[in-house]
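This report concerns only the one structure given below.
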Amino acid sequence: MIRRIENAAAVVLIGLLAALPLVFKLLQEVCRIQVLGSDIAVLHFVFLFSCVAGLITWRENRHLSLASLTEQLPAKVRRPVEFAKTVVTCCVLTSLFIDSFCQFVNPMQFTASFWGMSTRLYFAFLPLCYFGIICTAAVRRKNIAASLSGIVLGLIISMGPLTGILYYAAGMENLPHLYALNDAWISFSHAAVLPLIVILVVFAFLGVPLFLVLGGIAYIVFSQSGGYVDVIPLETYRILTDRNIAAIPLFTIAGYILAKSSAGQRYVAVFKSMFGWFRGGTVVAAVVVTTFFSTFTGVSGVTILALGSLLSVVLTGSGYSKDNAESLVTASGAVGLLFPPSAAIIMYATVNYFSVDVFDLFKGALIPGCIMAAAMIATGTVLDKKMSRPKFSWREIGNALIHCIPELLLPVFISLFYFKGIFDLFEVAAFAVVYAFILTTAVRRDFSPGESYRVISDSVPVSGGVLFILGAASGISYFMLDANIPALLTGFITEYVTNPYVFLILMNIVLLVVGCLMDMFSAILIVSPLLLPLAESFGIPAVQAAVIFLMNLSIGFLTPPVGMDLFIASYTFEKPIPKVIKGILPFIAVQFAVLMLITYVPWFTTVLIK
């Protein structure tokens, strides 16, 4: 029953987020009616959806994590490790719950209102979400002792916000024992900040979800600097009510709907008919389709999961070897992150909005994205050994184009509406969801109403995992900026590195490691504010630095030993990781060569924005 309520709430919220921006736009532009509070209302629906999606993502065990090494451990070691993971999980969740609940009862926060409702009502869903996850975690782990231990430990380290709750809710001020516990925790965290962070990083490799690792690190660093942990839930709230961030789940859902429909087959048919008559023609089709879908989903792994098998069949049916086909699809899965309306570009521009404009970044990444896609096509073509090919046929091309017109119009409409200024990013994302839904249900009839409901509810964990990581990482990002770490790092690097070319090499190496170990959205929030000032100090244009950053992270998805797409490809194609790595090595080498070209020739990233 609870599962159905959660799914229904998420689907209703997706419907509201897709419909309301377009309705308000119509009322404003056509009817000249301004709906007061419309913007703040829609953004708070985004926040509400983020909380519900986070809970569903946890329920489905879909929160992003690094490769878990727990299963590789001997049985005797595995049990205590699972116990420790449960303790850490419940400890971090408890501290985040109490911290966010403290801000909920704080009368100085969330004083605004819209449509007769206080924003406090919406923020209440964040502590409720954490509480629901705690309950689910305790039941799932089936280890009450570990769960209770984690909850108790979380209470102990949360004495600061807990005393705040008692003060705001009950007016209790004289709590010397609780104050002493809080002081002890602050002193301990200050002395042991590095070991505590290392412990959390180790647990990340043991399978603890990344949002908990990042949230725990944020809690530690704010505790050791004086206990100002109240910033964490406030930053989560701030970033999840940002208008650009609101576009990310909508684009992700639109891409997911299309990926589950017949759209993929229609795109393949178009490009196969257009290019299948010459060597590498089906490679063109595969790369273009994976690029298109990863652009919309924002997560390359979704494209591999949804279309990997289909594209592999298309390629092998054209004479491509099975291993090469699967390697090509895997390697091309992240190319779309360089094309509009990529969620990664939106996220980067939002985090670094003082330095780079999202419109400029879309244009700056366009040529590098085309070069990367062309490089994948060229590499795939070299591996295409089939000699006999179907003849070129205008009739087949015409039939395929006619059958794919609605699907082909979607990227045209999105580009036209956004770059002409008709819609902003959030509105064009809402349009994409509505268009994809109508196309797949009313026009193509790929899904019945019940099937559409299931497809949309299945897409929630994909967007929920991304949103929760953004919320968790925002606290660390705020801490680094508040502690002036970018300036300190800039001073340190510039003291020892004076050549910009040497700096670019070092930046690429660091980012490849980051892309290998972190998901893209966490890396953007945490690492980009550190590297961008450094790049600017060496005279590197902000847009070029941003494109280099995103390209490195996309390659990092494929970088052994723990690149995320390696594991997704292993799961999709039922191949062992070493075999996946062996197959994609030529593609990684080519992508790295393209990265070097973009790194040392600024023209490719700046020519369209001059």
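Note that these values count all heavy atoms, side chains included, but never hydrogens, waters or copies made by symmetry. The residues of the chain are indexed from 1 along the displayed sequence. It should be emphasised that the depicted structure is a prediction, and the values quoted were computed from it without experimental measurement.
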- Less than 4.5 Å apart, any side-chain heavy atom of Pro209 and any of Val213? no
- Query: Are Leu128 and Cys51 close enough, and set up right, to give a side-chain contact (heavy atoms from CB on, under 4.5 Å), and what steps lead you there?
  - Reply: CA-CA 8 Å; Leu128 280 175; Cys51 296; over 6 Å; no
- SB check Glu82 Lys85 (cutoff 4.0 Å): yes
- Query: More than 12 foreign heavy atoms under 6.0 Å from OH of Tyr435: is that the case here?
  - Reply: yes
- Closest heavy-atom contact between Phe479 and Val221? CE1-O, 3.5 Å
- CZ of Phe437: more than 12 outside heavy atoms within 6.0 angstrom? no
- Task: Indicate yes or no for a side-chain donor-acceptor contact from Lys25 to the backbone of Val30 under 3.5 Å, with no hydrogens or angles considered.
- Result: no
- Query: Between atom CG of Leu337 and atom OH of Tyr348, what is the distance when rounded to the nearest 0.5 Å?
  - Reply: 15.0 Å
- Message: What verdict does the side-chain contact (heavy atoms from CB on, under 4.5 Å) test give for Leu531 and Met507, after you've listed the backbone C-alpha separation in whole Å, the side-chain angles of each residue and the deciding distance to 0.1 Å?
- Response: CA-CA 8 Å; Leu531 284 180; Met507 185 173 79; 4.0 Å; yes
- For a ring-ring contact (aromatic ring centres under 6.0 Å, His included) with Phe97, tell me which candidate from Tyr130, Phe131, Phe104 qualifies. Phe131
- Message: When you compare the side chain of Met172 with that of Tyr167, does any pair of heavy atoms fall below 4.5 Å?
- Response: no
- Query: Which value, rounded to the nearest 0.5 Å, describes the distance between Leu214 atom CG and Leu200 atom CG?
  - Reply: 9.5 Å
- Query: Is the OH atom of Tyr453 crowded by more than 12 outside heavy atoms at less than 6.0 Å?
  - Reply: yes
- Message: Between Ser158 and Leu155 (side chain of the first, backbone of the second, donor and acceptor by atom type, cut-off under 3.5 Å), is there such a pair?
- Response: no
- Query: Are any side-chain N or O atoms of Asn552 and backbone N or O atoms of Leu511, one a donor and one an acceptor, separated by less than 3.5 Å?
  - Reply: no
- Task: Give, for atom CG of Asn7 and atom CZ of Arg59, the distance between the pair rounded to the nearest 0.5 Å.
- Result: 4.5 Å
- Should Leu181 and Trp185 count as side-chain neighbours, where that means a heavy-atom distance under 4.5 Å? no
- Expected output: side-chain Ser189 to main-chain Gln224 donor-acceptor under 3.5 Å: yes
- side-chain contact (heavy atoms from CB on, under 4.5 Å) between Cys91 and Ile157, worked out: CA-CA 9 Å; Cys91 174; Ile157 69 174; 3.8 Å; yes
- Taking all non-hydrogen atoms of both residues into account, name the closest pair between Ala542 and Ser355 and its distance. CB-O, 3.6 Å
- Measure up the Phe431 and Phe423 rings against each other and bin them: parallel (under 30°), tilted (30 to 60°), perpendicular (over 60°). tilted
- Message: Nearest 0.5 angstrom please: Cys31 SG to Leu26 CG, how far?
- Response: 5.5 Å
- Message: Tell me if the aromatic rings of Phe123 and Phe110 count as close, with their centers under 6.0 Å from one another.
- Response: yes
- Task: Report the residue from Trp115, Tyr237, Phe114, Phe49 that forms a ring-ring contact (aromatic ring centres under 6.0 Å, His included) with Tyr122.
- Result: Phe114
- Apply salt bridge (charged side-chain N to carboxylate O under 4.0 Å, His left out) to the pair Glu6 and Arg3, showing each step before the final yes or no. CA-CA 5 Å; Glu6 290 172 345; Arg3 177 186 294 263; over 6 Å; no
- Side chains of Leu212 and Trp58: does their closest heavy-atom pair fall under 4.5 Å? yes
- Message: I need the minimum non-hydrogen distance between Val87 and Ser149, along with the two atoms involved.
- Response: CG2-CB, 4.2 Å
- Task: Using a 4.5 Å cut-off on heavy atoms from C-beta on, say whether the side chain of Val351 contacts that of Pro529.
- Result: yes
- Message: How close do Gly216 and Val92 get, counting heavy atoms only, and between which atoms?
- Response: N-CG1, 3.8 Å
- Is the shortest heavy-atom distance from the side chain of Val46 to the side chain of Leu240 under 4.5 Å? no
- Sub-4.5 Å side-chain heavy-atom contact between Val52 and Leu13: yes
- Query: What do you reckon, is CZ of Phe359 surrounded by more than 12 foreign heavy atoms closer than 6.0 Å?
  - Reply: yes
- Query: Are the side chains of Phe549 and Leu532 in touch, meaning some heavy atoms are under 4.5 Å apart?
  - Reply: no
- Message: Please check: side-chain N/O of Thr89 versus main-chain N/O of Thr86, any donor-acceptor pairing under 3.5 Å?
- Response: no
- Once you round to the nearest 0.5 Å, how far does OG1 of Thr241 lie from CG of Leu48? 12.5 Å
- For the residue pair Ser50 and Leu467, what are the closest heavy atoms and their distance? OG-CD1, 3.5 Å
- Item | Sidechain-backbone polar pair: Glu427 side chain, Asp424 backbone, donor-acceptor under 3.5 Å | yes
- Message: Is it true that Arg120 and Asn106 share a donor-acceptor pair across their side chains at a distance under 3.5 Å?
- Response: no
- Okay, side chain of His190, backbone of Ile186: is any donor-acceptor separation there less than 3.5 Å? no
- Task: Hey, could you give me the CD1/OG distance between Ile14 and Ser457, rounded to the nearest 0.5 Å?
- Result: 8.0 Å
- Note on the structure: Closest non-hydrogen contact found for Ser474 with Thr236 is OG-N, 3.7 Å
- Item | is_close_aromatic(Phe125, Phe47), centroid dist under 6.0 Å | no
- Audit row: Ile346, Leu361, side-chain contact (heavy atoms from CB on, under 4.5 Å) steps and yes/no: CA-CA 9 Å; Ile346 298 169; Leu361 190 47; over 6 Å; no
- Message: Are more than 12 heavy atoms, taken from residues, nucleotides or ligands other than Met117, located less than 6.0 Å from that residue's CE atom?
- Response: yes
